[in-house]
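Numbers here are sequence positions counted from 1.
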Amino acid sequence: MISHSIRTGVCALAVLAGTAGIAAAQVTLVRGNDTDPATLDHHLTSTVSESNILHDLYEGLVVHDAKAEVVPGVAESWEISQDGLTYTFKLRPTAKWSNGDPVTAGDFVFAYRRIMTPATAAGYASILFPIKNAEAITAGQMQPEELGVEAVDDHTLKITLNAPTPYFLELMTHQTALPMHRKTVEAEGANFTKPGVLVTNGAYMLESFVPNDRIVMAKNPHFHRAAEVKIDRVEWVPFEDRSACLRRFEAGEVQICSDVPAEQMTYMRENLGDQLRIAPYLGTYYLPVKGADGSPLKDPKVRQAISMVIDREFLATEVWQETMLPGYSMVPPGIANYVEQPPMLDYAEADLLDREDKAKALLQEAGVSEGSLTVQLSYNSGENHKNTMTAVADMLKNVGINATLNEMEGTGYFNYLREGGAFDIVRAGWIGDYSDPQNFLFLFESDVQFNYPRWKNADYDALLTKAETTLDLQERAAVLAEAETLLLAEVPAIPILTYSSRSLVADKVQGYEDNIQDAHRTRWLSLTE
């Protein structure tokens, strides 16, 4: 059995049984994660907590370094054609799987065809839709073999795109672009992710996975840069209760917490000093609105009224203790490839009391009398989310809307939303996979699984399609801004906050660099006394 004792990452000396020799114990890092992954099949994942795990286990063609800059991974170099349509990657001959097999171009071809195969039902396949024929394959209109990915030889991979995509290399850092060990996946089927079975090519390999307890990884001796990996063993512990991670951190039992309890921000600022890390983050915290057929929530006027009465400044300052910013747009500020003055809700600067009066008028126009509408506010487990939705419920009372709270278990929460589960209003968050407005706006295209409210608008879809084929970046930015303007008029999802990354990092952890992607792979970290 795997021991569940807490390891602090401190080097110690251990007597090897049966020998008189003494050897240094393994260096172990214990990391808090937001929640357990729902799966380790990276074609079926979507959350940041899953991404954290997968990027320790696998390496893509390119990777994020400690500063979240794109650097070579399995690919040691690449060339881009003059028309921007073809990327040719040269794979390093030293890249190997954890069982010693070489990593080949065919492993990427297999993985990319698999994620596009309709039977895989990969909700995140759309990330790779810039690849030629990808979208048609997921729709069953073409065969996986027609995907624009070719193994020229074992160490040369050619990828052909539908149109020039300025952020394509950034896309290749995402978990959907990771390779798969074909023999294991084909032989084991759904069991390929189990400890003792899973074959990976990253800095670490899976040792054990005990749900609600920890995921343990051991250093992969076949990793091509294994000599540079300073952490021998990493344990990922799920903490839906952020306060629990804080307690374990202060006890020295956990060296990194991926998130912190906002209600204890003052305490942490006063007692933990530079170990509390707050940095700008490319993400939006928002409220998808759905409702049953015939519900007043189907009316954009009602959704605008709800949006108007939400006091974002209060949420950012009081609930999130200034670790969030008020949000009035779906695309977060500071994103690349966008217009100089991005769209935002037109009441961002209006007085809250004036907004409440306007909201009451909109509700009256929609035929919603005071006290006649009750909505259920659902959220995944976590004190910060609970406090946010509790505050929103109080704000809705100011315009005569009643609200009830519904806490849902964290692991299956987003699966429920992706699969079209019923709800009135839920809380959701989206962290940019790459710095481009398309990564936030595609969420509301008609056939995307992340379109939680299942909102459909043909004009919106047409604008996103037009942007895909617009080569001039300024013209493309204008098209995307037009799409966001339409989205903010209809508000099928209400943006309320812009993220910052919030974490606890022990002084002994070295190599942890704050960055806008909040990407902190264990391979770049080390521990000191």
Side-chain angles (χ1 to χ4, degrees), residues 34-35 47-49 239-246 257-268 278 281-290 297 303-330 332 345 347-348 352 355-356 359 374-399 401-410 413-414 416-417 423-431 440 443 452-453 491-503 518:
D34 292 355
T35 187
T47 67
V48 172
S49 57
F239 287 103
E240 292 185 6
D241 180 357
R242 309 306 193 242
S243 297
C245 195
L246 169 60
C257 291
S258 62
D259 199 359
V260 299
E263 67 275 10
Q264 297 186 59
M265 190 59 61
T266 300
Y267 170 83
M268 289 183 288
I278 300 174
Y281 195 20
L282 196 66
T284 300
Y285 191 107
Y286 63 102
L287 307 180
V289 184
K290 192 174 188 179
L297 295 175
R303 299 195 295 264
Q304 282 288 7
I306 291 172
S307 175
M308 284 179 180
V309 301
I310 295 175
D311 186 346
R312 293 156 173 84
E313 284 70 18
F314 177 85
L315 295 177
T317 303
E318 301 298 328
V319 175
W320 289 88
Q321 295 292 298
E322 298 181 348
T323 62
M324 291 275 211
L325 297 172
Y328 290 91
S329 61
M330 187 55 59
L345 294 168
Y347 39 83
L352 184 60
R355 281 162 41 184
E356 289 178 356
T374 298
V375 298
Q376 185 180 70
L377 305 179
S378 299
Y379 57 94
N380 52 318
S381 300
E383 283 302 306
N384 296 344
H385 305 320
K386 179 180 180 180
N387 293 340
T388 297
M389 295 305 252
T390 300
V392 169
D394 288 339
M395 294 166 190
L396 293 180
K397 292 178 183 177
N398 294 330
V399 291
I401 296 176
N402 302 311
T404 61
L405 299 177
N406 175 38
E407 181 172 332
M408 299 174 65
E409 190 273 325
Y413 178 77
F414 288 103
Y416 178 81
L417 299 184
F423 64 84
D424 286 337
I425 300 175
V426 295
R427 95 92 209 162
W430 188 260
I431 306 303
F440 289 84
L443 299 172
Y452 302 142
V491 281
I494 301 169
I496 60 172
L497 296 164
T498 297
Y499 275 96
S500 64
S501 62
R502 307 166 305 278
S503 56
D518 199 28

Do the side chains of [Y] and [X] get nearer than 4.5 Å, heavy atoms only?
X      : Y      : result
Pro495 : Leu345 : yes
Pro288 : Leu417 : no
Tyr281 : Thr323 : no

Quiz item: Is there a side chain to side chain contact (heavy atoms under 4.5 Å, CB included) between Asp34 and Arg242 once you walk through the steps?
Solution: CA-CA 8 Å; Asp34 292 355; Arg242 309 306 193 242; 3.8 Å; yes
Quiz item: Given the rule in the side chain to side chain contact (heavy atoms under 4.5 Å, CB included) test, do Leu443 and Tyr286 qualify, once you have shown the distances and angles that lead to the verdict?
Solution: CA-CA 12 Å; Leu443 299 172; Tyr286 63 102; 4.0 Å; yes
Closest non-hydrogen atom pair between [X] and [Y], with its separation:
X      : Y      : result
Phe414 : Asn380 : CE1-ND2, 4.1 Å
Gln321 : Ala262 : CG-O, 2.7 Å
Pro332 : Leu282 : CG-CD1, 3.9 Å
Met389 : Arg427 : CE-N, 3.8 Å

Quiz item: What residues, two or more places apart in sequence or in another chain, satisfy side-chain hydrogen bond (donor to acceptor under 3.5 Å, both in side chains) together with Tyr416?
Solution: none
Exercise. Using side-chain hydrogen bond (donor to acceptor under 3.5 Å, both in side chains) as the criterion, list what pairs up with Tyr285, not counting sequence neighbours.
Key: His385
Taking [X] for its side chain and [Y] for its backbone only, find out whether a donor-acceptor pair lies under 3.5 Å.
X      : Y      : answer
Asn387 : Val319 : no
Asn406 : Ser378 : no
Glu318 : Leu315 : no

Quiz item: Which residues pass the salt bridge (charged side-chain N to carboxylate O under 4.0 Å, His left out) test with Arg303, sequence neighbours left out?
Solution: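 Arg303: salt bridge (charged side-chain N to carboxylate O under 4.0 Å, His left out) contacts with Glu490.
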Practice problem: Could you walk me through whether Val48 and Ile431 pass side chain to side chain contact (heavy atoms under 4.5 Å, CB included), step by step? | Solution: CA-CA 8 Å; Val48 172; Ile431 306 303; 3.7 Å; yes
Rounded distance (nearest 0.5 Å) linking atom [atom1] of [X] with atom [atom2] of [Y]:
X      : Y      : atom1 : atom2 : result
Ile278 : Arg502 : CD1   : CZ    : 8.0 Å
Asn402 : Thr374 : CG    : OG1   : 4.0 Å
Met308 : Met395 : CE    : CE    : 16.0 Å
Tyr413 : Tyr379 : OH    : OH    : 10.0 Å

Exercise. Apply the test side chain to side chain contact (heavy atoms under 4.5 Å, CB included) to residues Val491 and Ile306: give CA-CA distance (whole Å), side-chain angles for both, the deciding distance (0.1 Å), then the verdict.
Key: CA-CA 10 Å; Val491 281; Ile306 291 172; over 6 Å; no
Practice problem: Take Glu407 and Ser381, measure what side chain to side chain donor-acceptor pair (under 3.5 Å) needs, and give me the verdict at the end. | Solution: CA-CA 6 Å; Glu407 181 172 332; Ser381 300; 3.2 Å; yes
Quiz item: What do the steps show when you test Ser307 against Arg312 for side chain to side chain donor-acceptor pair (under 3.5 Å), and what is the final call?
Solution: CA-CA 10 Å; Ser307 175; Arg312 293 156 173 84; 2.9 Å; yes
Quiz prompt | Matching residue for Val375 among Leu396, Val289, Val392 - test: side-chain contact (heavy atoms from CB on, under 4.5 Å) | solution =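 That would be Leu396.
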